[in-house]
Amino acid sequence: SDPVFVGPPNLRYPDYWRDLLDPEADQPENAGASYSAFRTAYTNRTPLIFFGANDGMLHAVNATDTLDVDGDIATTDISEGGAELLAYVPSKVYLNLPELANPEYLHKYFVNGPPTVVDAFFDGAWHTVLVGGMAGGGQGIYALDVTNPANFSEANASSLVMWEFTDADSGDLGYTYSRPAVVRLHNGKWGVVLGNGYNNTEADGAASGSGNAVLYILDISSGEVLKAIDTGIGAEDDPAGTDRPNGLATPAPIDLDR
């Protein structure tokens with residue numbers, strides 16, 4: 001997939017949040033540590049490059065420059081540049097992994113959806129969250145807490161992997177070519193907004209009954225569906241009359257009132 005660089009937190013969030021429609025109403029982000037304190041705490045965070053690959057994994061490698069004056073690698077220390085710090089296998093690609101050992105292997109997609117990485121506030125604190133889809137590799141998205149690369153280890157895997165949302169959770173989800181957007185919602189929650197993708201009627205045990213295009217809004221902390229906005233337009237509306245499913249690509253959320 002397209003690679004994504006993640007360095008120290010650098011978004012221009014305010015330290016005090018308010019609702020312009022109800023200025024007296026306190027906001028969740030005002031209860032814990034400020035965003036500027038979060039930025040300060042992770043000023044020296046190890047810079048990373050995240051990318052999905054056709055080995056079935058999302059990889060994170062140290063982006064620190066370790067070349068010497070001759071352009072040669074200066075170190076092989078695991079903590080230095082170029083070293084892999086994380087490899088994550090989304091559950092939806094498990095069944096395809098044996099294909100990689102097949103001598104007659106023909107190309108398959110695995111994790112080729114570009115991830116989105118955003119700082120978000122939930123559970124009383126700021127976090128850096130990565131949300132990614134698998135594009136042609138599967139019908140699902142996943143969320144990882146990548147706030148602190150120093151915590152990347154098998155022992156911490158259960159806290160790094162926040163949730164997965166697949167067609168087993170909602171049959172209207174198709175192949176997740178839609179790039180997720182992480183946004184703050186009007187109700188004070190932070191959410192993940194994505195289109196349902198393509199070919200959600202595929203006979204895989206979790207097929208959509210309608211083939212409709214659907215816009216999803218998920219809770220950033222749990223992956224729970226906050227809202228599924230069904231367009232009501234699906235396979236029955238195929239202009240070719242061949243029952244092809246409809247689908248949504250990447251949405252563009254906008255803020256109308258700051």
Side-chain angles (χ1 to χ4, degrees), residues 1-14 29 33 35-53 57-65 81-90 92-93 110-123 125-135 137-138 140-153 156-165 176-185 189-195 197 216-223 249-255:
S1 74
D2 293 342
V4 173
F5 174 81
V6 179
N10 64 353
L11 297 177
R12 301 179 67 178
Y13 292 153
E29 292 84 353
Y35 184 71
S36 61
F38 176 73
R39 287 182 55 157
T40 299
Y42 291 100
T43 297
N44 297 316
R45 181 166 69 182
T46 301
L48 300 175
I49 295 175
F50 291 93
F51 57 91
M57 301 178 190
L58 173 84
H59 297 276
V61 298
N62 190 322
T64 306
D65 184 2
E84 181 173 76
L85 300 184
L86 175 72
Y88 167 69
V89 182
K92 289 294 288 186
V93 305
F110 285 86
V111 187
N112 68 314
T116 296
V117 184
V118 174
D119 298 329
F121 187 88
F122 57 90
D123 295 339
W126 287 100
H127 304 259
T128 301
V129 180
L130 180 150
V131 184
M134 287 169 280
I141 69 168
Y142 53 88
L144 309 179
D145 188 331
V146 297
T147 305
N148 189 356
N151 291 336
F152 290 2
S153 69
N156 293 325
S158 61
S159 61
L160 298 179
V161 180
M162 296 170 56
W163 48 264
E164 290 186 344
F165 177 69
T176 46
Y177 282 89
S178 172
R179 187 167 188 167
V182 177
V183 298
R184 189 181 192 272
L185 306 173
K189 292 179 178 288
W190 288 71
V192 179
V193 182
L194 71 150
Y216 288 105
I217 304 174
L218 312 178
D219 185 283
I220 185 63
S221 64
S222 66
T250 300
I254 60 172
D255 183 358

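We number each residue from 1, following the sequence as shown.
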Who passes side-chain contact (heavy atoms from CB on, under 4.5 Å) against Asp219, sequence neighbours left out?
Lys189, Ser221, Ser222, Glu224, Leu226

Report yes if some heavy atom in the side chain of Leu86 is under 4.5 Å from a heavy atom in the side chain of Phe50; otherwise report no.
yes

Okay, side chain of Tyr35, backbone of Pro9: is any donor-acceptor separation there less than 3.5 Å?
no

Roughly how far, to the nearest 0.5 Å, is the CG atom of Asn148 from the OH atom of Tyr42?
4.5 Å

For residues Phe165 and Tyr216, establish whether the separation of their ring centroids is below 6.0 Å.
yes

Is the closest side-chain donor-acceptor distance between Ser159 and Asn156 under 3.5 Å?
no

What pair of heavy atoms forms the shortest contact from Gly140 to Met134, and how long is it?
O-CE, 3.3 Å

Applying side-chain contact (heavy atoms from CB on, under 4.5 Å) to Tyr177 and not counting sequence neighbours gives Ala135, Tyr175, Tyr198

Can you classify the ring geometry of Phe122 versus His127 as parallel (below 30°), tilted (30 to 60°) or perpendicular (above 60°)?
parallel

If we ignore hydrogens and angles and just use 3.5 Å, is the side chain of Arg39 paired with the main-chain N or O of Arg12 as donor and acceptor?
no

If you round to the nearest 0.5 Å, how far is CH2 of Trp190 from CH2 of Trp126?
4.5 Å

Check: Thr147 main-chain N/O paired with Arg45 side-chain donor or acceptor under 3.5 Å
yes

Please round to the nearest 0.5 Å and tell me the distance separating atom NE2 of His59 and atom CZ of Phe51.
5.5 Å

Any side-chain heavy atom of Leu85 within less than 4.5 Å of one from Leu48?
yes

Identify which one of Leu58, Thr116, Val4 satisfies the side chain to side chain contact (heavy atoms under 4.5 Å, CB included) criterion when paired with Leu130.
Leu58

Nearest-0.5 Å distance that lies between atom CG in Asn112 and atom OG1 in Thr176:
9.0 Å

For Trp163, the side-chain hydrogen bond (donor to acceptor under 3.5 Å, both in side chains) test, sequence neighbours excluded, returns none

Is it the case that Asp119 and Tyr13 place a side-chain donor and acceptor less than 3.5 Å from each other?
no

With rounding to the nearest 0.5 angstrom, report the CD1 to CG distance, Ile220 to Asp145.
9.5 Å

